[in-house]
Amino acid sequence: MHGESRPCYFEGSKMSDAPDLSKPYDPREVESRWYDRWEKSGVFEANDEDDGRPVYVIPMPPPNVTGSLHMGHAQRCTLEDALIRYHRMRGFSTLWQPGIDHAGIATQTVVERQLLKEGKTRHDLGREAFVERVWKWKNESGGRIALQQRVLGASPDWRRSKFTMDADLGRAVTEAFVLLHEQGLMYRATRLINWCPECRTALSDLEVENEEGANGELFEFAYKVSGSAEEIIVATTRPETMLGDTAVAVHPDDPRYKPLHGKKLVHPFSDRLVPIITDAILVDMKFGTGAVKVTPAHDFNDFATGKRHGLEEINIFELDGTMNDNGGKFKGLDRKEARRAVKKALDEKGLARGAKPHILTLPRCQRSGGVVEPMISTQWFLKMKDMADRALEAVHTKRVEVIPPEWVKTYDHFLENIQDWCVSRQLWWGHQIPAWHGPGGEIRVARTRPAECGPESDTTWTQDPDVLDTWFSSALWPFSTLGWPERTPSLKKFYPTNPKQTSDLETGYDILFFWVARMIMFGLHFTNEVPFRRVLLSGLIVDETGEKMSKVRGNVIDPLDLIHGASFSSLEPDTLAKFKKSYPSAAQMGDGFPAFGADAVRFTLATYPPSNMRIALAPKRIEGNKHFLNKIWNATRLSLELLGPFELPAKCPAAKDTWNRWVLSRLSNAARIAREGIEAFRIDEAANELYRFFWYDLCDWYLEIIKPRLRDTTQRDEETRATLAWTLGASLRLLHPFVPFVTEELWQKLHDYPEKFASVALERFPEEGDAPRDVAIEARVATLQGVIVAARTVRAEHVIKWADKIPLVVRGDSAALALVRDHVAEIELLTGSAGTPRFEHEGDRPKGYTTSVVPTASGPLEILVGLKGLVDPAHERTRIERELKKLDKDLAAIDKKLSSPSFTDKAPKEVVEESRAQRKSLEEARARLHESLSLVDEL
RNA sequence: GGGCGCAUAACUCAGCGGUAGAGUGCCACCUUCACACGGUGGAGGUCACAGGUUCAAAUCCUGUUGCGCCCACCA
């Protein structure tokens with residue numbers, strides 16, 4: 001066994017603990033070995049040499065399962081590095097929902113949830129204590145994140161960035177805000193905004209999620225017309241808001257209400273009179289009673305109506321969602337209690353007119369899940385129109401390429417309908433707004449506390465207590481992390497202001513609006529340049545049945561469990577039941593699943609095409625890919641054994657032998673497909689081709705063929721040894737981006753690094769031209785393979801044991817025979833023929849032989865296998881009849897096609913010719929089968 | 001209501017104008033000295049439905065049905 005560890009150095013120390021290749025592949029052992037070495041050796045370090053090559057900027061992947069991540073640093077590297085890092089990271093960013101942690105919003109949410117469990121809110125703690133607690137949690141959680149990073153092999157950059165509010169980022173945020181204000185784009189206004197009473201903050205439109213299909217009721221009640229017995233009945237899903245009603249609207253053309261136009265209604269709980277207004281925009285005559293109550297302060301449509309008619313806006317809620325003074329006797333009740341109480345009170349006054357069930361959509365806060373309340377509030381807004389137009393143009397002119405392009409329409413739709421962005425948040429964790437409020441209500445926006453505000457101790461001037469939406473700072477990320485607003489060398493070098501430079505962004509489509517679009521807008525606005533040139537939007541991971549992962553549903557699968565293995569026995573019975581329902585293939589795996597390893601998980605994710613919006617994670621598929629890694633492991637083990645002591649060739653060896661030329665040609669083809677796939681962001685195509693090449697070309701054919709050659713002790717086949725070494729090395733280099741750990745482990749066995757540690761990650765990624773492509777050889781080998789498969793099929797069909805050798809005859813004209821004649825040895829080896837196969841042009845049919853036909857470019861080859869004494873004649877008859885039936889079907893189809901004059905006249909000549917040739921070979925095959933049918937009797 | 005996407009073998013998914021593909025699962029045989037996480041074969045699909053374009057359609061167009069997502073929303 002090739003057990004001794006080859007000399008390999010790392011930072012001056014020998015790798016004496018290198019594993020023995022004679023052991024079976026164990027992902028846990030392999031993967032625990034490499035991470036630290038990569039880090040210490042500088043594989044992750046940015047390539048800062050300015051050698052004119054394009055620079056790729058790759059964002060840090062989200063590191064953990066809590067939803068929080070840190071994005072303080074970008075990866076900067078050359079193309080070669082980028083290819084590798086891209087893949088190393090892809091497993092991440094598709095597994096975890098990306099979120100931005102510039103201001104630590106996710107962390108803040110975690111802490112708020114902790115407080116909730118203690119029966120408190122952040123307001124009970126106070127601003128200072130709360131912020132301190134968030135710090136504490138962040139620092140504590142660091143350790144856990146670190147572990148997960150190590151296992152997955154992502155960049156360690158995050159460790160260098162402290163979990164602190166970065167001063168430079170703070171400066172960039174302030175600068176951006178002030179600039180926008182100076183340019184008149186950032187303004188303060190009082191508007192109806194989305195308010196989350198639970199978080200007690202304003203939200204942007206994007207942070208509101210709609211819950212569909214909520215059960216509610218449509219409640220009807222009457223307003224009495226002032227000074228008359230008449231009434232108008234209105235319907236509402238939110239009766240409590242009637243306390244803020246300042247009008248009832250009807251359609252101007254509605255005949256039912258024409259007599260009432262201009263009259264006033266009596267508000268049952270207040271002494272104000274409510275006018276009847278006519279409004280064709282708000283009112284749909286056909287819906288309900290055709291009359292609508294108008295609450296301008298708590299509904300977006302009503303707000304707009306109020307503006308049109310100059311109605312009073314009466315706010316009835318406190319910031320925590322309870323009734324304020326305007327609620328009159330209902331003051332202090334929360335929204336639900338108030339609803340009940342108002343309904344009851346209306347009923348007591350004889351105004352209730354019944355209720356019916358109604359399905360409605362509830363707007364909910366993305367963070368807390370609380371029902372969002374439209375509230376009138378003074379906030380900071382950012383004008384979006386012009387920025388959006390530029391961002392649209394950038395994508396349309398391909399300055400930014402969106403991949404897959406299907407997303408462009410979604411992007412367009414968002415930007416074309418964009419509303420001004422409410423950027424202020426009444427939270428305590430984040431970048432505070434650089435505005436100062438004076439005693440007389442004056443407001444100063446400035447980079448630092450303005451002189452006219454007086455000293456810090458002057459409490460009449462205070463800084464705006466609000467912080468910015470976390471996505472505001474995130475939008476600055478591409479350049480704020482490079483030192484902007486300073487014109488730093490990093491910014492100059494890495495930010496793609498130079499058209500020669502290229503940057504890619506890879507992320508999930510769920511933050512296309514939140515983050516990607518805003519980075520493009522801010523990039524163009526502040527730097528006049530796009531922040532990256534290509535955006536790859538990958539799908540989201542969902543469970544095996546296609547459902548979104550959710551804790552409630554119990555279908556969340558922790559990628560670390562997939563990597564390390566997990567046991568079902570540790571789960572509660574109903575948790576397990578839910579899990580098995582969501583992952584049918586895992587349910588069949590017995591008492592859990594084994595450790596698949598990070599490589600297998602990563603490779604599996606790489607095989608899903610980016611156009612897949614949803615990636616249904618099937619553990620079985622991961623298992624299959626782990627088998628592939630095992631295959632790589634064992635193939636390398638075999639190769640090392642066959643090679644003995646050897647030197648890895650520095651370049652592709654020149655080969656004469658058919659099989660050597662063939663495998664190099666296939667390698668060249670695989671390298672081409674892999675490169676093309678990666679460059680076009682079709683990682684799946686690259687990964688699948690490498691899987692196919694390694695297993696089917698290299699293992700199933702090439703290794704089988706060369707085994708006896710290299711084991712032959714009478715002669716040393718240097719050409720084949722060099723070809724094997726080269727091909728294996730190139731395969732590992734090709735595979736490394738997809739399966740970094742196992743390839744690194746094996747590469748170190750192939751290659752001695754005499755002085756300092758180096759990694760396969762630093763080796764060149766193979767190209768098509770590294771090895772010669774030889775299409776003619778590939779065709780010849782295809783013929784050989786056809787012959788071998790035909791003989792093997794006969795074997796398998798007749799259940800002939802391997803130990804029983806089969807007499808073999810190959811017939812054909814001289815051209816076709818010439819192809820295979822030189823490869824008797826391989827045919828004998830792989831078919832288990834009895835002695836050397838016989839080759840002949842024509843001749844008497846040997847008794848008891850069965851026939852199959854292999855079509856080749858130079859005419860058909862007939863493969864005759866002697867079955868006498870080896871098989872049951874009845875069995876043989878069934879087989880032939882089955883094949884005939886299939887042939888007849890194919891023949892009928894092609895005859896139908898060829899007999900149609902429209903086909904022969906109109907189809908391209910080559911296509912017609914091809915069909916004719918097909919027909920011919922089918923006919924021949926049929927004739928031979930008929931022949932062997934008669935041979936059955938001879939058995 | 002507007003937009004986008006998906007419906008292909010038992011399952012998870014490729015293919016996207018020229019005779020249906022992969023992995024897993026299934027069946028048969030093989031413990032042949034890299035690997036049973038293996039080998040050799042095999043079975044299995046009128047490519048959701050209905051029209052249309054074309055010599056030719058899983059592939060292009062129209063419509064229908066079912067599912068998913070996004071945006072906007074009905075008082």
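Within every chain, numbering begins at 1; the chains are lettered A, B, ... in the order of the sequence lines, protein sequences first and strands thereafter. All of these numbers come straight from a predicted model, not from anything done at the bench.
When heavy atoms are screened at a 4.0 angstrom cut-off, A:Ala893 is found touching no nucleic acid atom at all. Heavy atoms of A:Pro908 sit under 4.0 angstrom from at least one base atom. Here A:Arg682 lies in heavy-atom contact (under 4.0 Å) with sugar-phosphate atoms only. Across all strands shown, A:Leu360 has no heavy atoms under 4.0 Å from either base or sugar-phosphate atoms. No engagement by A:Ser915 is indicated, since no non-hydrogen atom pair under 4.0 Å with the nucleic acid exists. Nucleic acid contact class of A:His358 (heavy atoms, under 4.0 Å, all strands): sugar-phosphate only. Within 4.0 Å of A:Val292, counting heavy atoms only, lies at least one base atom of the nucleic acid.
Picking from B:C35, B:U24, B:G42 the nucleotide with the shortest atom distance to the side chain of A:Glu704 gives B:C35.
Not one side-chain nitrogen or oxygen of A:Arg621 sits closer than 4.0 Å to the OP1 or OP2 atom of B:U24. The phosphate of B:U24 has neither OP1 nor OP2 within less than 4.0 Å of any side-chain N or O from A:Lys620. Regarding contacts with the backbone of B:G39, a side-chain N or O of A:Lys631 is found under 4.0 angstrom from either OP1 or OP2. For A:Asn301, a side-chain nitrogen or oxygen approaches OP1 or OP2 of B:C74 to under 4.0 Å. For the pair A:Trp695 and B:G39, the criterion of a side-chain N or O lying under 4.0 Å from OP1 or OP2 is met.
Of the N and O atoms on the side chains of A:Ser204 and A:Glu207, at least one donor lies less than 3.5 Å from an acceptor on the other residue.
With rounding to whole Å, A:Ile706 atom CD1 is found 18 Å from B:C33 atom P. The distance from atom CZ of A:Arg795 to atom C1' of B:A28 is 15 Å, rounded to the nearest whole Å. Atom-to-atom, NZ of A:Lys626 to C1' of B:G38 comes out at 14 Å; the value is rounded to the nearest Å. At whole-Å resolution of the value, CG in A:Leu638 and C1' in B:U32 are 14 Å apart. One atom, CZ of A:Phe513, and another, P of B:C71, lie 6 Å apart when rounded to the nearest Å. Here the P atom of nucleotide B:G17 and the CZ atom of A:Phe903 are 18 Å apart, to the nearest Å.
The six-membered or imidazole ring of A:Phe221 lies near that of A:Tyr223, with a centre-to-centre distance under 6.0 Å.
A distance of about 34 Å separates the C1' atoms of B:G44 and B:C4, rounded to the whole Å. Here the separation of B:U12 from B:A48, taken at their P atoms, is 15 Å to the nearest Å. Using atom C1' as the reference point in both B:U65 and B:A28, the two lie 42 Å apart (nearest Å). Comparing the same atom, C1', in B:C67 and in B:U31 gives a spacing of 47 Å after rounding to whole Å. Taking atom P in both B:C60 and B:G68, one finds a spacing of 24 Å when rounded to whole Å. Comparing the P positions of B:G39 and B:U32 gives a spacing of 15 Å, expressed to the nearest Å.
For B:C11, the paired base is B:G23 (Watson-Crick or G-U wobble, both distances below 3.5 Å). Summarising the base pairing, B:A28 is matched to B:U40 through a Watson-Crick or G-U wobble pair whose two defining distances lie under 3.5 Å. Pairing of B:C67, defined by two Watson-Crick or G-U wobble distances under 3.5 Å, is identified with B:G5.
In terms of position along RNA chain B, the nucleotide closest to A:Glu623 lies nearer the 5' end than the nucleotide closest to the other residue of the pair A:Glu623 and A:Phe628. With RNA chain B read from its 5' end, the first of the two nearest nucleotides for A:Val794 and A:Asn210 is the one closest to A:Val794.
The shortest heavy-atom contact between A:Asp684 and A:Thr607 is CB-O, 3.4 Å. Closest of all the heavy-atom pairs between A:Tyr608 and A:Thr604 is CD1-O, 3.2 Å.
Relative to the six-membered ring of A:Phe219, A:Arg339 misses at least one condition, a distance below 6.0 Å or an angle of at most 45° to the axis.
Evaluation of atom-type donor-acceptor distances gives no pair under 3.5 Å for the side chain of A:Lys801 against the base of B:C30.
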Taking N or O atoms only and anything under 3.5 Å, show me the protein contacts with nucleotides 2-8 of chain B, one pair per line.
unit_1, atom_1, unit_2, atom_2, d
B:C4, OP1, A:Lys409, NZ, 3.3

| message | One pair to check against side-chain contact (heavy atoms from CB on, under 4.5 Å): A:Tyr257 and A:Val283. What are the steps and the verdict? | response | CA-CA 12 Å; A:Tyr257 299 112; A:Val283 182; over 6 Å; no
| query | Checking side chain to side chain donor-acceptor pair (under 3.5 Å) for the pair A:Asn210/A:Thr361: CA distance, chi angles, key distance, verdict? | reply | CA-CA 6 Å; A:Asn210 291 314; A:Thr361 306; over 6 Å; no
